[in-house]
Amino acid sequence: MPPDALGFVETIGMAAGLQAADAMVKAANVRLIAMQRPGGSIITMIVQGDVGAVRAAVDAGAAAAAMVGKVRSAHIIARPIDEMPEILQRPPVR
């Protein structure tokens with residue numbers, strides 16, 4: 001069964017990505033499920049949990065990352081499709 005929500009914070013640079021991840025898990029009851037590096041210096045941190053917690057975590061993560069680097073995007077997907085966890089586990093295509 002998929003999580004209630006997924007939250008994404010995409011940064012430019014590892015320091016900002018790690019800062020986002022740290023803030024997200026401290027701000028709300030979410031679980032960090034992945035860190036993806038699609039290319040260049042882009043880092044995407046992904047959390048899962050209930051919708052309210054994920055929203056709070058993404059807001060906190062984006063704010064924290066912006067203090068030390070650049071936030072490229074922040075997004076929440078409520079009620080993701082059943083196949084989403086499988087999609088997130090696939091390696092990036094280069």
Side-chain angles (χ1 to χ4, degrees):
M1 180 168 199
D4 290 341
L6 294 171
F8 304 83
V9 175
E10 189 172 79
T11 65
I12 306 293
M14 182 66 79
L18 293 175
Q19 186 72 21
D22 183 61
M24 286 191 287
V25 297
K26 289 178 179 176
N29 186 22
V30 296
R31 189 168 75 102
L32 183 65
I33 61 166
M35 177 190 83
Q36 295 184 347
R37 296 171 27 176
S41 58
I42 298 170
I43 308 293
T44 305
M45 298 297 185
I46 306 169
V47 295
Q48 73 177 25
D50 68 60
V51 175
V54 168
R55 185 174 312 279
V58 168
D59 290 346
M67 292 174 56
V68 298
K70 292 189 177 190
V71 175
R72 191 163 185 255
S73 66
H75 187 68
I76 297 163
I77 299 175
R79 298 180 318 277
I81 61 172
D82 290 341
E83 294 81 12
M84 189 65 74
E86 177 186 321
I87 292 168
L88 292 174
Q89 297 306 315
R90 294 180 189 161
V93 177
R94 293 193 184 196

For [X], all residues meeting side-chain contact (heavy atoms from CB on, under 4.5 Å), sequence neighbours excluded:
X     : answer
Ala23 : Ala64
Ile77 : Phe8, His75, Pro80, Met84
Ala27 : Ala60
Asn29 : none

Legend entry - Partner residues of Arg72 under the side chain to side chain donor-acceptor pair (under 3.5 Å) criterion, sequence neighbours left out: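 So Arg72 forms a side chain to side chain donor-acceptor pair (under 3.5 Å) with Glu10.
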For the hydrophobic clusters of this structure (ILVMFWY residues joined by side-chain heavy atoms under 4.5 Å, transitively), does one cluster hold both [X] and [Y]?
X     : Y     : result
Met14 : Leu32 : yes
Val25 : Val58 : yes
Ile33 : Met35 : no
Ile81 : Leu6  : yes
Val54 : Val9  : yes

Inset, instruction - Any side-chain hydrogen bond (donor to acceptor under 3.5 Å, both in side chains) involving residues 55-71? Give me the pairs, sequence neighbours left out, ordered by first then second residue. - result: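 Counting only pairs at least two positions apart or across chains, no side-chain hydrogen bond (donor to acceptor under 3.5 Å, both in side chains) contact touches residues 55-71.
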Legend entry - Residue pairs fulfilling side-chain hydrogen bond (donor to acceptor under 3.5 Å, both in side chains) with at least one residue in residues 14-23, sequence neighbours excluded: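 Every pair satisfying side-chain hydrogen bond (donor to acceptor under 3.5 Å, both in side chains) with a residue in residues 14-23: Asp22-Lys26.
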Contact summary for [X] and [Y], nearest pair of heavy atoms:
X     : Y     : value
Asp4  : Gly49 : CB-O, 3.5 Å
Ala28 : Ala56 : CB-CB, 4.2 Å
Ala57 : Val47 : CB-CG2, 4.5 Å
Ala74 : Ala62 : CB-CB, 4.2 Å

Legend entry - Whichever hydrophobic residues join Ile12 through chains of side-chain contacts under 4.5 Å: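 The other cluster members (ILVMFWY side chains, heavy atoms under 4.5 Å, direct or chained) are Ile42.
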Inset, instruction - Drop me the distance from Gln36's CD to Ile43's CD1, to the nearest 0.5 angstrom. - result: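 Reported to 0.5 Å precision, the distance equals 10.5 Å.
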